[in-house]
Amino acid sequence: MIVLGIESSCDETAAALVDDRRRILAEELFSQLDEHKPYGGVVPEVAARAHLEHLGPLIEATMKKAGLGFADLDGIAATAGPGLIGGVIVGVTMAKAIAAVHKKPFYAVNHLEGHALSARLSDDVAFPYLLLLVSGGHCQLLVVEDIGSYRRLGATIDDAAGEAFDKAAKLLGLGYPGGPAIQRAAEAAKDPVLDLPRPMLGRPDCNFSFSGLKTALRQRVEALRPLSPETVANLAAGFEIAVTESVADRVKRAIAAAPGMTALVVAGGVAANARLRKRLAETAAKGNLPLVAPPIALCTDNAAMIAWTGIEHLKRGETSALDFAPRPRWPLDNDAPALRGAGVKA
Ligand code: KG4
Ligand code: ZN
């Protein structure tokens, strides 16, 4: 089975061809970083226009690279939410058009399920596993019980982890995207600031919060202005350590709350953070679980995980109707209780 995957829910336009033997036959990705950089974050309308401009040629290039025609496909899968609706509509419409013209099945993929199943593409992880999803838009802990069966253990009550990195980088004058910039600056730290708060530490639930840490950092930045490069490095390292300790504590809770898991899987752009990866490996080992961290290109937004999610569903005979309406909000666990917080994103 060969499926074309399309991703366009945020600031990455991507297409990939994946087969059911877990091989990525070809993939193309256009990162819109330069388009959004002047604004210090993703501008939805700019993103939608860039997806529209780039997606067609990107799909063509992917097909050419693999030496395949649309007739060779067994299905087309596209991110249909959650995400920035303009971009999602571009990807879904393109997928539906290819499916309709070439009489192929279409599958509307939940982007979060794409992240959740990326470790099955990279490492063939067996169900059930514990998933930490930490990206710019999402921050949650889930039990992946089976395809289409998810139980949310906790999520952020305010900012997502990546969003916190991006805001912290802005405060420190480190530019966008913030995560890689903070990591780079932190590497030079001689004396990390260790007295920033560790949000939620010791709390019995598995939720996250980062807004208090961000406020503490802002106050510290204001008190220490003008910032020398050394101070920026020490604050960046302090921030990274505080996030890492907070996340590791939440994961420790989740491991205790969900016995019988085969692995701790981490996904999403923040999973690229070296300090966090190291700490999660320790946390997983203490809980007698292997840590599965897919390669960074599969952790950040990509189309291979979307194609793979399509394969997992199409293999079960599940398809989506061609009038499937994109969903800007689309939780994986419909039964999860609503969270109350400043700017809840689930
Ligand atoms: O998964 P992703 O590419 O896009 C979303 O779906 O959000 O994640 C992007 C996020 C950004 O907030 C970025 O700052 C963060 O992941 N990020 C990192 C690192 N690399 C990317 N955060 C911390 N450390 C990194 N090395
Ligand atoms: Zn994502």
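Order of appearance sets the numbers: ligands from 1, and atoms from 1 within every ligand.
Here Phe239 and Phe165 bring their ring centres to under 6.0 angstrom of each other.
The distance from the CE atom of Met1 to the CG atom of Leu73 is 11.5 Å, given to the nearest 0.5 Å. The CG atom of Leu58 lies 7.0 Å from the CG atom of Leu29; values are rounded to the nearest 0.5 Å.
For atom 24 (N) of ligand 1, the closest non-hydrogen atom on the protein side is Asn273 ND2, 3.0 Å. In terms of protein heavy-atom proximity, atom 22 (N) of ligand 1 is closest to Gly179 CA, 3.2 Å. Residue, atom and distance of the protein heavy atom nearest to atom 4 (O) of ligand 1 are Asp301 OD2, 3.4 Å. Annotation: atom 15 (C) of ligand 1 to nearest protein heavy atom, Val270 CG2, 3.9 Å.
For Arg49, the CZ atom counts as loosely surrounded, since its 6.0 Å shell holds 12 or fewer non-hydrogen atoms of other residues, nucleotides or ligands. Other residues, nucleotides and ligands contribute over 12 non-hydrogen atoms within 6.0 Å of the NZ atom of Lys315.
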**OP:** With side chain to side chain contact (heavy atoms under 4.5 Å, CB included) as the test, would you mind laying out the steps for Val18 and Val3 before giving the verdict?
**Re:** CA-CA 6 Å; Val18 176; Val3 168; 5.9 Å; no

**OP:** Could you give me the CA-CA distance, side-chain angles and deciding distance for Asp205 and Arg250, then say whether salt bridge (charged side-chain N to carboxylate O under 4.0 Å, His left out) is met?
**Re:** CA-CA 8 Å; Asp205 58 46; Arg250 310 290 70 214; 3.1 Å; yes

Subject >> salt bridge (charged side-chain N to carboxylate O under 4.0 Å, His left out) between Glu163 and Lys167, intermediate numbers included >> reply: CA-CA 6 Å; Glu163 194 178 0; Lys167 288 178 177 171; 3.6 Å; yes

**OP:** Go through the steps to decide whether Cys10 and Glu12 satisfy the test side chain to side chain contact (heavy atoms under 4.5 Å, CB included), and finish with yes or no.
**Re:** CA-CA 6 Å; Cys10 191; Glu12 253 98 34; 5.8 Å; no

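Residue-level proximity to ligand 1 for Asp166 is carried by the side chain, the only part with a heavy atom below 4.0 angstrom.
Looking only at atom types and distance, the side chain of His54 has no donor-acceptor partner in the side chain of Gln32 under 3.5 Å away. For the 3.5 Å distance criterion, the side chains of Glu240 and Asn273 qualify, holding a donor opposite an acceptor.
For Leu33 against Asp11, the heavy-atom pair with the smallest separation is CD1-OD2, 4.4 Å.
Heavy-atom contacts of Gly137 reach the following atoms of ligand 1: 7 (O) (cutoff under 4.0 Å). Close approach of ligand 1 to Gln183 is summarised as follows: ligand atoms under 4.0 Å from at least one heavy atom of the residue are 24 (N), 25 (C), 26 (N). Within ligand 1, counting atoms from 1 as listed, the ones closer than 4.0 Å to a heavy atom of Gly269 are 1 (O), 2 (P), 8 (O), 16 (O), 17 (N), 18 (C), 19 (C), 20 (N), 21 (C). Counting the atoms of ligand 1 from 1 in the order shown, those under 4.0 Å from a heavy atom of Gly136 are 5 (C), 7 (O), 8 (O), 9 (C), 10 (C), 12 (O). Atoms of ligand 1 lying under 4.0 Å from any heavy atom of Thr300, numbered from 1 in the order shown and given with element: 1 (O), 3 (O). Close approach of ligand 1 to Gly162 is summarised as follows: ligand atoms under 4.0 Å from at least one heavy atom of the residue are 12 (O).
Protein-derived N/O/S atoms nearer than 2.8 Å to the Zn ion (ligand 2) total 3, waters excluded.
Considering backbone and side-chain atoms alike, Glu12 places every N or O at 3.5 Å or more from each N or O of ligand 1.
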